[in-house]
2 protein chains.
Amino acid sequence: MTAKRTKRASIKDLAREVGVSPTLVSFVLNGKQKQYRVSDQVADRIREVAKRMDYKPNGFAKSLREGTSKTIGVIVSDIANPFFANIVKKIETVAEEKGYMALFASSDENSDKLSNLLGRMLCKEVEGVIVVPCEGSEDTIRSLVDRRIPTVLLDRHIPDIRTNYVSLDNRKAGYDATEELIRKGHRKISMICYDLKLSNMKGRIEGYRDAMKDYGLSDEIKIQYVNIGALEKSGAKAIDKIIAEGCKAVVCATNSITVMCLRYIQKLKLNVPEDITVMGFDGGSEFDFYNAPISFMTQPTETIAKKSVDILISQLQENEGFITQIEIEGAITNHTPPQLLTRRLN
Amino acid sequence: MTAKRTKRASIKDLAREVGVSPTLVSFVLNGKQKQYRVSDQVADRIREVAKRMDYKPNGFAKSLREGTSKTIGVIVSDIANPFFANIVKKIETVAEEKGYMALFASSDENSDKLSNLLGRMLCKEVEGVIVVPCEGSEDTIRSLVDRRIPTVLLDRHIPDIRTNYVSLDNRKAGYDATEELIRKGHRKISMICYDLKLSNMKGRIEGYRDAMKDYGLSDEIKIQYVNIGALEKSGAKAIDKIIAEGCKAVVCATNSITVMCLRYIQKLKLNVPEDITVMGFDGGSEFDFYNAPISFMTQPTETIAKKSVDILISQLQENEGFITQIEIEGAITNHTPPQLLTRRLN
DNA sequence: AAACTTTGCTAATTCGTTTTAGCATTTAGG
DNA sequence: CCTAAATGCTAAAACGAATTAGCAAAGTTT
């Protein structure tokens, strides 16, 4: 009673069953009955037998023959991060609409793993890839581009490498976030960011710098770099320093920094926004129950996801060599704590 | 200057270049040099040319020939849900360790989409699938099992269908969650759950019922069904009713219900746990800043993910017909609000 | 009735790989 | 020295589908 899987029926099996050549079966099953003038009688019999034997064409044979897989690879830096999880979801939807399947993987911000995953995906014959590059992945990405593999970088890009990318306009996001605090009357504004060379981080920092300069606050520019591997510890130190310097407002360069920051502020029993105003980044469900008003610079994740697929697939189809680089604007969202909903906010 | 992608070198191209038969190239590149006694001289030349021409074997040809794809399909109900995002991440890791690639997709709890996705995955020649079945997907799953496609259901199962599954021990989870409240001295305990026929929901409800009965609280059993499509509205109504009935404790059957519940309680300006004690489910990052102590029944997501892959792959490799059904125990986790960390908790 | 066209079908090739069977040539054994 | 075995290689088939070229038989023109 062991459930031996029976081999799937092939075109040859159908042909033998119907009593015709495999050619005819192929013609009929690909809707070319008229084009190759197959008689209705035979065509019907073929279709009937195909249904009865539950015929499903072999994807490998098809792809091998046609030289196309209709599959794209997507490697994000952490699929368990809601920001990327949402992007991945949208990518899948858009790809499917366009008749492509998407193969997903997560590099965990590890360049070796990224390189490894890419290799495996290319073995699976993906036609192109959407990649979130991580620190140290420059060579991997470069070889991808050199090998003419259609590539779209997501969320971050590598300035030296000429290839497609879609990301937030990080400079503008950093600028706008800072400007918002300035508009609210702040002058002593710090930024907390990771000590990473990734383009998105650099852009946000640059935006902060530019905004401060534009408003004549060059002397107030203070950037605290925290360590991603020891966020709690380095974050606490950074915030202690910021406060010691008399800062009353801070721009957090990522969502995780925002969470860390607010946690520590809570621990210090300081009030937001009275003691310190926080401008966060992204803003996930972590803040569903956060009980003070803060603002976030949020990214249009769906647009970012859609654009990346659009670019990749048009590249695949047109086989042209031009490059598309898109930086999409973020927007400031205000978080309204549940308790305040009934009160009047200023 | 258009970047025409050049066709990849095949084994034949290498053979021509080296001046030997394709057979030898294949032998060498598959590490069978000794087995088929290829001379070192020729082998070295082949390897050198392969490297120079950047030879990568064609995955389709290989899979077609070998009749195996080393790929599994994974369809969750919502990849943007952190619970599933984490599972997906772990599945990918484990699958890769075992030499398999995982193809992911998200059904959005839509049985048509699920069926569609499955069809496409099977065309891509996945060897087996891990599926989170959604409402109305019984027929789709049944046909999968009937067609002898190695299948593991995740998170939920379908009682009528004999197949592998891995899920939380939902009955025990519901039981333990309820029992915990009873131990704390509560007697008037309600449950809020979705009006769904999914096995996980039914299990949790059954557990709640059993616990109440076991502790002689049959008369206090009160189950409020809320509508997943109108969670806010039906949830508010449910909670109003619970409170009117004098309930001082509630078991929320899912994370989203827990969030809704706590939000509404906040809106009513009631205090947790003084006015009402909440036992949540799963407990995501939504509660990072929640400022009252609550408990959660949490799932061992990593174990669930790992087991599902283990089962699927052993099935694939042993080709045996037995069925494995695993229900893993959950655990109660206490959420300690950040503000209370410095105070003494009772 | 010869010269065509149309109809309905098949054989054979191709995609790139793996593997079996087998063919020379050299080396070893008695 | 002559058989037997080991060495180093190749041809060919197979996996399953798509497609081109082409072959009969029937039908249509002149």
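To find a chain, count down the sequence lines: A is the first, B the second, and so on, and within it residues start at 1.
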Pairwise distance CG(L117(A)) to CE(M101(B)) - rounded to 0.5 angstrom: 6.0 Å
Contacts of type ring pair (Phe, Tyr, Trp, His ring centres under 6.0 Å), residue Y165(A), not counting sequence neighbours: H157(A)
Sub-4.0 Å heavy-atom contacts from residues 42-72 of chain A onto DNA chain C, ordered by number: V42(A), L64(A), R65(A)
Check ion pair K306(A)-D310(A) (N to O, under 4.0 angstrom): yes
Atom pair distance, as rounded to whole Å: CZ in R8(B) and C1' in dT17(C): 12 Å
Sorted by number, the residues of residues 20-39 of chain A with heavy-atom contact under 4.0 Å to DNA chain D: T23(A), S26(A), F27(A), N30(A), K32(A), Y36(A)
Which residues share a ring pair (Phe, Tyr, Trp, His ring centres under 6.0 Å) with F27(B), sequence neighbours left out: Y36(B)
Basic-acidic side-chain contact under 4.0 Å: E125(A), K124(B): no
Spacing of I75(A) atom CD1 and S106(A) atom OG [to the nearest 0.5 Å]: 9.5 Å
For nucleotides 24-28 of chain D, which of its nitrogen or oxygen atoms have a protein nitrogen or oxygen under 3.5 Å away, and what is each distance?
none

E125(B) CD to dC15(D) P, straight-line distance once rounded to whole Å: 15 Å
Lys/Arg-Asp/Glu bridge criterion (N-O < 4.0 Å) met for R148(B), E127(B): no
Lys/Arg-Asp/Glu bridge criterion (N-O < 4.0 Å) met for K89(A), D78(B): yes
E327(B) bridged to R156(B) by N-O distance under 4.0 Å: no
Rounded interatomic separation in angstrom, taking NZ from K12(B) and C1' from dT13(C): 10 Å
Partner set under side-chain hydrogen bond (donor to acceptor under 3.5 Å, both in side chains) for T303(A), not counting sequence neighbours: none
